[in-house]
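A short worksheet on the structure shown next.
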Amino acid sequence: MTPQELNQLKKYSAHIRANVLKLMKAKNGGHLGGSLSIVEVLSVLYGRQMRYDAKNPRDPHRDYFVLSKGHAGPGLYSALSVFHFFDEAEIYTLNEGGTRFPSHPDRTKTPGVDATTGSLGQGISVAAGIAYALKLQGTDQYVYCIVGDGELNEGQCWEAFQFIASYRLNNLIVFIDDNKRQLDGYTKDIINPFDIVEKMRAFGFSTERVNGGSEEAISAAVDRAKAVTDSAVCIVLDTIKGQGIPYFENIADNHSVKLSPADTVVIDESVAALSAIYEEAK
Ligand SMILES: Cc1ncc(C[n+]2csc(CCOP(=O)(O)OP(=O)(O)O)c2C)c(N)n1
Ligand SMILES: [Mg+2]
């Protein structure tokens, strides 16, 4: 990747992150922490790795994206707005009656959303089905799926992983967003995941852990994943819940926030700083 390409990805990340914060402010809160931890991976996927046509989101030749941790819908909508699937202004109707932007993704409502998710564990199973169908068709399309680390509490994830590994679905790149926290605390204190990389390897996946805050590291890992020919692939993203905004990384409960006046001040300051990055002359 050239320095210019990396700089462009960083601008995308800044723009997605700013949109997440603006969405939170517009709704006085929401699923902030888990939306911010996937900003960089979304930037890499939509800004570099995925094949899609934003003006024809159902293009049968597209790559597919499944947000299995569906509560991070605000993160996905922010990304899809940056990549021109729809006007940014519309995402601020999040959760309102009649909106195309429900809190959790709905494939029948939102351009660019390939799977309806929110019930944890289901999205990875849907992604497995899509990938298996594409394999049967012999296409060169990829499916990308993001699973939460807390989501791994769901037995359904492990059923899906067995299927994906057994059928060597190397056209499905599984990301696990290891942000170390789930709804009500640290994963290690609730259902200890132990070593996620070792677990995925034991299940049959080629697995690596990368810095989930680095566009360069994520993109290089996706390149390596695409070169795997004989097994399922998993990239564990080492992330921080609330990633990119130290104030929100450090608050005790950053899963689904209700904003205080002090939080809103931080959001305004952060959006101003992020806008300066992505609006910098191209
Ligand atoms: C089947 C199911 N059970 C419970 C919930 C409620 N829930 C929403 S988010 C969440 C925690 C998810 O944690 P994690 O996957 O780590 O998400 P992140 O840290 O990325 O926000 C829970 C329990 C749900 N959406 N689906
Ligand atoms: Mg988590």
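Nothing fancy with the numbering, it's 1 onward along the sequence. Atoms within each ligand, like the ligands themselves, are counted from 1 in listed order. Excluded from the calculations below are hydrogen atoms, water molecules and symmetry mates; all remaining heavy atoms, backbone and side chain alike, are included.
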Any heavy atom of Q182 under 4.0 Å from ligand 1? The part involved is both
The answer for which part of L120 has a heavy atom under 4.0 Å from ligand 1 is both
Among L183, T239, N254, closest by heavy atom to atom 11 (C) of ligand 1 is L183
| message | Taking atom NZ as the centre, does K258 end up with more than 12 heavy-atom neighbours from other residues, nucleotides or ligands that are less than 6.0 angstrom away? | response | no
message: Are there over 12 heavy-atom neighbours, none belonging to D87, within less than 6.0 Å of that residue's CG?
response: no
Do ligand 1 and [X] have nitrogen or oxygen atoms that lie under 3.5 Å from each other?
{"X": "H71", "answer": "yes"}
{"X": "H31", "answer": "no"}
{"X": "K241", "answer": "yes"}

Considering only non-hydrogen protein atoms, determine which one is nearest to [atom] and report residue, atom name and distance to 0.1 Å.
{"atom": "atom 15 (O) of ligand 1", "answer": "E151 N, 2.8 Å"}
{"atom": "atom 3 (N) of ligand 1", "answer": "E154 OE2, 3.6 Å"}
{"atom": "atom 14 (P) of ligand 1", "answer": "G150 N, 3.5 Å"}
{"atom": "atom 20 (O) of ligand 1", "answer": "K69 NZ, 2.7 Å"}

Does the K180 side chain pair with the main chain of K241, one donor and one acceptor, at a distance under 3.5 Å? no
Indicate if the distance from the Mg ion (ligand 2) to the nearest N, O or S atom of [X] falls below 2.8 Å.
{"X": "Q182", "result": "no"}
{"X": "R181", "result": "yes"}
{"X": "D149", "result": "yes"}

Parallel, tilted or perpendicular: ring planes of H71 versus H255, cut at 30 and 60 degrees
tilted
Yes or no: does S119 have any heavy atom under 4.0 Å from an atom of ligand 1?
yes
Margin query: Contact between ligand 1 and G118 is defined here as a heavy atom of the residue under 4.0 Å from a ligand atom; is it met?
Written below: yes
Closest non-hydrogen atoms of F86 and Y77, given as atom of the first, atom of the second and distance, are CE1-O, 3.7 Å
Minimal heavy-atom distance between G212 and I218, with the atoms involved, is O-CD1, 3.5 Å
Fill in: Sidechain N-carboxylate O distance under 4.0 Å for E215, R48
no
A student checking ligand 1 against N179 at a 4.0 Å heavy-atom cut-off should list atoms 18 (P), 19 (O), 20 (O)
Check for me whether K135 meets the cation-pi criterion with Y167, that is, NZ or CZ under 6.0 Å from the six-membered ring centre and within 45 degrees of the ring axis.
no
task: Would you check if there is a donor-acceptor pair between the side chains of Q141 and T139 at a distance under 3.5 Å?
output: yes
Q) When you check the side-chain N and O atoms of S214 and E40, is any donor under 3.5 Å from an acceptor? A) no
